[in-house]
J.: 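This is the structure I want to talk about, given as structure tokens.
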Amino acid sequence: MFGLEFLFVTALWALPLASLPLVLHLLFRRKSPVVPFSTLRFIQASLKQTAARRRVRRWLLLACRILLLALLIMAVSQPAKRLASAWGSGASSIDAAIIVDTSYSMLYQGQTGPLLSVADQTVRGLLRGPLSHASVAVFKSQPPPSDAPEHFDSSADVLAQWAPLTPQANPVPLVDRVIAAVNLLHNRDAAEKWLIIVSDLQKHEFARPLPDFTDGHVVIIDLHPDDARSVGLSDISVKPPRPMPGVGCDINVLIDGRGAEVPVDVDVADLTGKSVAHPTLPMAKLTSTPGTAQVAAPVVFPDVAWLLVRGNVDAKDAADWNKTRQHLMHLPPPRPAAVIGGLNPTTSERVVRLAIDPTQGAGAWPIALRPPGPLRGDEDLIVAILTDWPDVATARQYLQAAQRGSVVMLFVQPGLEESWASLPTDRKAALAAILPSEPGAELGQPAHAAAAQPDDPLLGGLTQQLNDASRIVVLRCIRFSPADSKVTALLTITPTDPSAGKGCGLLWRRSIGAGSVLTWCTLPDSLYSNLATSEMFLPILVNASLRQEQSISPLNVEIGRSIVLAGPDVAAIDRIEIETPNHERYVISPTAEKQGRQFVFTNTAEPGVYSWRRTDQTQPIWYTNVQLPADESDLDYATASTIAQGPNVLIARSLDELTAQIAAMTQPQPHWSGPIAVVILLLCFESMMASTRRVGGA
Amino acid sequence: MPLPKYRYFESSDAARMSRLQFAAGKVVEGIVTGLHKSPNRGFSVEFSEHREYVPGDELRHLDWRAYARSDRHYIKLYEQETNLRATIVIDNSASMNFGKKLDYARHLAACLAYLLAHQQDLAGLVASDDSIRVELPPGSSPAHLDRLFRQLESLEAGKGTALAAHLHELAERLPRRSLVIIISDLWLDSGELARALQHIRYRRHHAMVLHLLDNAEIDLPYDRQVTLEDLETGERVAVDAATLRVAYQKNVQDYLASLRRGCSDCEVEYHALHVDVPFDKALVRLLSQRA
């Protein structure tokens, strides 16, 4: 009754005594004394008037006394309540969903071993002990394939098929796995349902609250270490994110953890493991509270297409899995460029050649400047110094190069505009197709430059230089007045003397086909301008040579997540082979997505470099690096009571503690207060009724 | 002369009664001059009023002073005092056996009879249950009193009651303008009683009701389940007095109120006497109120 049981059951044998008032009542009725009375006239009238009330009162009093006695006997029998009667008793059907955290953070070495081993033992203990008669579904951090979802099975079968837990990727937070388990439990009809979470309760795993689970009990076995002190290398990045050979950049390393000052070592190597750079990083300092330290070092990458930046923190602590990490980079090949000048190189041509390749072919550089000669047609950048109007064939060659996707950069010598009118019509037409417009009058006044389109890709990353654009002084400049909407001024100039008239464009972009024609309205010669000494001149030339990355395939992906090969390079490939770090090979067919054909590989269970190759070739066409999860180095743990709380929630730090709690729950808890309170109320009620009977008593 | 020893009238009672006087509240007719006003005006002692002289009247009753003042002839009339003819009706039904009511009634009747006889009034006795058991015509001689006292001693409680019917009968049989003193617990229909009293009054009698009550009849003071047995019918009813008390008390009070109202409507004196009050004290208080 109400989950109550009695510690002193023998006393319940006295329950028949509760009928004593009834017996007394009956006896009392038979033996009521006969009293002579003068007349029953008013007695009978009163009896008629009060018949209903007396009947109710009589039976109420009788019931009150019987209940009073019964409750007193029950109180003596020591009623007790068993809080969790069905747990482990095997008496009723139990369904239990165990969500066990198998993320990499569980590799933390606790007092009794890795947390993952503790979790393994805990789950086994649950299956052998309290859940030995239950139906069990086990959820791990990594969701199973969609064709083999979690399902309930007898605990004996689960135990028989049990394999030791290994660290897994956690592409979704553990709370999502809990939600999946709750949904599965909701569809079950078991008499008792248990949701058991075995985890170190990292905060990022429980960023969302647990779903409501009122169908049964929630058990949280909190395995988080009490005083976790560990450091882990959580991220390596390169800035700028698209490094180029020969151009300096920074390697940034993030260290997560607390309470340590650790040396960080970084090595840059090609995919064969050959070290190509070894920058020196400062010590990473972590405070006593969980947090992140960042260290950085400058580095110049050689002209190698694929590079791995491998980081290592020299620390020996409770977590050894996160001490190393690698970051894959794909450096674009040097872009072919050609500079077209006269037979005798002018100052401007020499300046441009030096700006395009400062190494002059002696070192790594993103642009491969070809020696003077005819155009080959594959140049990404064609620079022409126009000291005279090119002929029609050359103009058309520039136009075709732009249409193919190349960038044609023209430096137009001021003064040429005077000969424009005398050009044949077909030549003017050919030139007009690549120039911003027909040339106008020369701006003969000194003028200062300014950025008109600072967001243009050509000026990307030149924020500081653009702020100093006014330092560019142009002495002579040809005016162009384009009417075509495809022609935009990237840099403009304004006369130093405001009375000298309006300014004009200095650098124009005319988009043609897949490429564009950039037109400088002056020469990088001190007679015309100080462009050659400007800080933005060289970057503009280099940027002009770079093509947009065509591949959209990510290079670095966290373990457990799908890796994708996509882009125009794979558009025509029907099958592709991927090789895992364990040298396992899988052949993949493409999937059609909105953005085009792509190859997806989901089984990224191992960290390392995965290589993609066409089935008909031996050389890989792309690489993807699978990294260990960064967040798992985080030592920020949630408190179990903030994750779930309520009367149906049990929180324990170990299986033993849980077993003790369950044992305490299944012990009957004395539950006297209810019956005693009712007894007191009944006593008051009975005495009140009895007192009303004695008014005027004889 | 010492009184013989009576069960319901002792010498001490005689001494107490000697100091009391029973006055009829209304005019009564008697056969000898007594304490009580007679409806017959005559030429006795106490002046009452004047009336116009009529030829034939005795001139000695002519009020000469009035003639001197008004020059008209008036005859002085005087009130005649007479003695009281009282009939004491005792209800000796079985219900009077509850408590000490019948004994109380006997004491009251004896004392009243003595008192009346002592002041030269006539006292008779009627005992009524389901029939008239005793009927003693009014008298005032010591021998009459002796007979009356002996009758009271030999009077036993009867069965049921037919008091109302007997009062109707007495109203017809009693001489004009008698006093009827009814001593009863009046456990009868108040309407019937009222009609009987109206009859008595209609016959120009004066009536006085001495209602004997036992506290137990009013309060129903039993504390447990009891079986009450009707003394007159023998009927038994098991009751839980505690649960019944309030309703019972209300019913009894309503009945008493109706009795008082009925008596008042008939211009009949009504006195409730609780038998736990000694009868002599109750009688002294009663007569004091009437005086």
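What's counted below: heavy atoms across the whole structure, side chains too, no hydrogens, waters or symmetry copies. Here is how names work: the chains are called A, B, and so on, in the same order as the sequence lines, proteins then strands, and each is numbered from 1.
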J.: Pick out which of B:V246, B:N251, B:V239, B:L220 makes a side-chain contact (heavy atoms from CB on, under 4.5 Å) with A:S46.
T.: B:N251
J.: Could you tell me whether the side chain of A:T39 reaches within less than 4.5 Å of the side chain of B:E217, counting heavy atoms only?
T.: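 SC-SC contact between B:E217 and A:T39 ruled out.
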J.: Does CG in A:D212 sit with more than 12 non-hydrogen atoms of other residues, nucleotides or ligands closer than 6.0 Å?
T.: no
J.: Got more than 12 heavy atoms from elsewhere within 6.0 Å of CZ, B:R173?
T.: yes
J.: Between CD of B:E232 and CZ of A:R41, what distance do you get to the nearest 0.5 Å?
T.: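 So the gap between those two atoms works out to 11.0 Å.
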J.: Using non-hydrogen atoms and a 4.5 Å limit, figure out which bit of B:L213 sits close to chain A: side chain, backbone, both or neither.
T.: neither
J.: B:K250 versus chain A, heavy atoms under 4.5 Å apart: side chain, backbone, both or neither?
T.: neither
J.: Just verifying a value: how many Å separate A:I43 CD1 and B:L244 CG, rounded to the nearest 0.5 Å?
T.: 5.5 Å
J.: Is it the case that B:R236 places NZ or CZ above or below the six-membered ring of A:F37, under 6.0 angstrom from the centre and within 45 degrees of the axis?
T.: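 Checked: cation-pi criterion not met.
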J.: Using 30° and 60° as the class boundaries, would you call the ring planes of A:F42 and B:Y248 parallel, tilted or perpendicular?
T.: perpendicular
J.: At a 4.5 Å cut-off on heavy atoms, which part of A:T50 comes close to chain B: side chain, backbone, both, or neither?
T.: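 For A:T50, side-chain heavy atoms alone lie under 4.5 Å from chain B.
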J.: Are any side-chain N or O atoms of B:S95 and backbone N or O atoms of A:S38, one a donor and one an acceptor, separated by less than 3.5 Å?
T.: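 Not at all, since once roles are kept as given, no pair shorter than 3.5 Å links the two residues.
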J.: Could you tell me whether the side chain of B:D230 and the main chain of A:L40 form a donor-acceptor pair under 3.5 Å?
T.: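 Checking the backbone N and O of A:L40 against the side chain of B:D230, a donor-acceptor pair under 3.5 Å is found.
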J.: When you compare the side chain of B:V226 with that of A:V34, does any pair of heavy atoms fall below 4.5 Å?
T.: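 They are not in contact (no side-chain heavy atoms under 4.5 Å apart), so the answer is no.
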